[in-house]
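What follows is one structure encoded as structure tokens, with my remarks underneath.
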Amino acid sequence: MRRYTGYRDFIQRDQRLLVGTALLLTGSHDQAIRLTLGSLRSVGLSWPPALWENPTVHAQITMYRRYLRRPVTTRATALLRLPPLRRVLVVACLHDGRTHEEMATALGLSQEVVETEVSEAVTALAKGDAKRLGTRLATTAGEASVPDLATRSMRALRRRRVRGAVLTAVAALVPVGLIAAFTLQQGQVWNSALGERNQIASTRADSAVEPGPQAWQTPRTSFTIRYAVPDKCPDDGASTDGKPAPSRAGKVTCAGWTLKLTGGDEGRPALESVECERPGHCESTVKVPDAAQHLAHGDDWSYWRLTPAISGDGRRIAYLSAAEGRYVAHDLHSGEKRYLSPSLVPADTETGTGVSVSRDGGVFVVELSGRRLRTDFATGAVTSLPEGQTAAEKSADWMRENYRVWSDSPSGRFSAAVSPGKGGSDRLHVIDARTRKVFRDLPLPSLGDPTSAEVLGWPNVREVVVKLTDKRTGDLLGFFRVDAITGRLHRVAGLPDGETIVLGDLTGP
């Protein structure tokens, strides 16, 4: 079983950790062993893991989900008296080190629900002392009796492999010709990774995105993306000499973004050119030629403006690829790439399209004309999401009526927008998306003359980056990080003056 090379070592290394978590959930050594074996089997079925995948996290997330489907407890300790969801969340966050955002994504919850459940558990079990509760959980988990699970797990995989071989042989007897004929007649193939039906390559004459530049090859580097700016678009051929404009719906008419990377000396070898201000503080510029800027819609010359999505740590970027006709994501540290959508057709872009990413880069969500595809970068798993999950998404129409431009916070609880002030200078409004009321009305520096402001984004859950310009002359006055609670400002250096800028990691060197 060459495919499972390293699987036994993984089990022997992490079985104590996993059984400890299962014991905290179930309170029973027997139930904990059963729960752990089920999680290990799930990891084994997708073995070997991709280079960027953490099999331990895979096993833990599987354990949480399996336990919530069939919560079983055998003792009446304070922890086990908690509701199953609250118990899972407090164990995951305070013992296993999962973040609130990770658990919200893994269990399909809002981040607010996760924060509330964990807070109430800490209050009930340790009077609000999360550190003390974490120590107690670690002590209880350390009491787990852990047999060697590697042999049992390998035996289960062998049995499954034999059953799979038998089923494969039976399936081979199905009339392949009929299936092929039916597939060709429908003009579709099944993409199991995306759960979508996509057009066969030979029939994609009406594909949403025509091949353009070459697909970007990710440079494997420890540098992170500080920001991205669009390249200059060539003349789009807007003049038709009086002739009707051809139908271009869903075609990329302009592509190309430039990334500013920052990092230390160790990340230099993979990059073509690097400039270092001083040791450990280096910069590089990288072109992404196939990242779409303009996507045509309708039968005239109108188009959607598209921007890439960059994770808060600057490691990952996602965009609509003009070369491949679908959304893709890249990880700079590992050099890996993920497909986030099927090949697009015009119907996917009729009412707009876009991509977003969680702050830690673990989850990407693609919007395709009313439907949403969520991709877990670590596993590649793609699922469909309902619309309007967060408060910010539900208040989008209201925001559109009251503000020209706004930016939602990473948690989806707040939105930031600019509003005219009495003295002529713009003010920053932080809006509570649930109540649709202004949570904070913050002044921005006037710097002598009335200033105009523009919200660029949230580098974290508390700060907003704004760009200030002189209202009279239009001159750039600078970029600032504004604390959304206190209004305290910090100048951000090194950002370019341009109409569009997508922020990445602003904490790098």
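Please read all numbers here as calculations on a predicted model, not as lab measurements.
The OG atom of S409 sits 8.5 Å away from atom CD of Q111, with the distance rounded to the nearest 0.5 Å. Going from atom CG of N402 over to atom OG of S415 covers 11.5 Å, rounded to the nearest 0.5 Å. Taking OG1 from T218 and CG from L332, the interatomic distance works out to 6.5 Å, rounded to the nearest 0.5 Å. The CH2 atom of W216 lies 6.0 Å from the NE2 atom of H330; values are rounded to the nearest 0.5 Å. To the nearest 0.5 Å, atom CZ of residue R371 and atom CG of residue L373 are 5.0 Å apart. If you take NE2 on H333 and OG1 on T221, they are separated by 7.0 Å, rounding to the nearest 0.5 Å.
Taking the six-membered ring wherever Trp is involved, the centroid distance between the rings of F439 and F414 falls below 6.0 Å.
With hydrogens and angles ignored, the 3.5 Å screen pairs a side-chain donor or acceptor of S110 with a backbone N or O of V113. Looking at Y327, its side chain never comes within 3.5 Å of a backbone N or O of S343 through a donor-acceptor pair. Checking side-chain atoms of T349 against main-chain N and O of G352 turns up no donor-acceptor pair under 3.5 Å. Between the side chain of T375 and the backbone N or O of F377 there is no donor-acceptor pair closer than 3.5 Å. R374 places a side-chain N or O within 3.5 Å of a backbone atom of T105 that can act as its donor or acceptor partner. Under the 3.5 Å distance criterion, the side-chain polar atoms of S369 are matched with a main-chain donor or acceptor of E350. The main-chain N or O of V328 is never found under 3.5 Å from a side-chain atom of S321 such that the two would form a donor-acceptor pair. Under the 3.5 Å distance criterion, the side-chain polar atoms of R315 are left unmatched by any main-chain donor or acceptor of F223. Under a 3.5 Å cut-off, the side chain of D348 and the backbone N or O of V345 do form a donor-acceptor pair. Judged purely by atom type and a 3.5 angstrom limit, R481 has no side-chain atom pairing as donor or acceptor with the backbone of V465.
The pair K467-D497 counts as a salt bridge, with a side-chain nitrogen and a carboxylate oxygen less than 4.0 angstrom apart. For the pair K437 and D432, the salt-bridge criterion is not met [side-chain N within less than 4.0 Å of a carboxylate O]. At a threshold of 4.0 Å, the pair R220-E336 does not count as salt-bridged, since none of the basic side-chain nitrogens sits closer than that to a carboxylate oxygen. Checked for salt-bridge contact, E101 and R359 miss the test: no charged N lies under 4.0 Å from a carboxylate O. Salt bridge status for K337 with E324: present, with a side-chain N to carboxylate O gap under 4.0 Å.
Y227 and D505 are not linked by any side-chain donor-acceptor pair at a separation below 3.5 angstrom, with hydrogens and angles left out of the test. Between the side chains of R98 and Q60, at least one donor N or O lies within less than 3.5 Å of an accepting N or O. There is no side-chain donor-acceptor pair under 3.5 Å between Q293 and Y303.
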- request: Test T258 against K287 for side chain to side chain donor-acceptor pair (under 3.5 Å), laying out the working first.
  value: CA-CA 5 Å; T258 296; K287 298 282 188 180; 3.0 Å; yes
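For the side chain to side chain donor-acceptor pair (under 3.5 Å) test, no residue two or more places apart in sequence or in another chain qualifies with R440.
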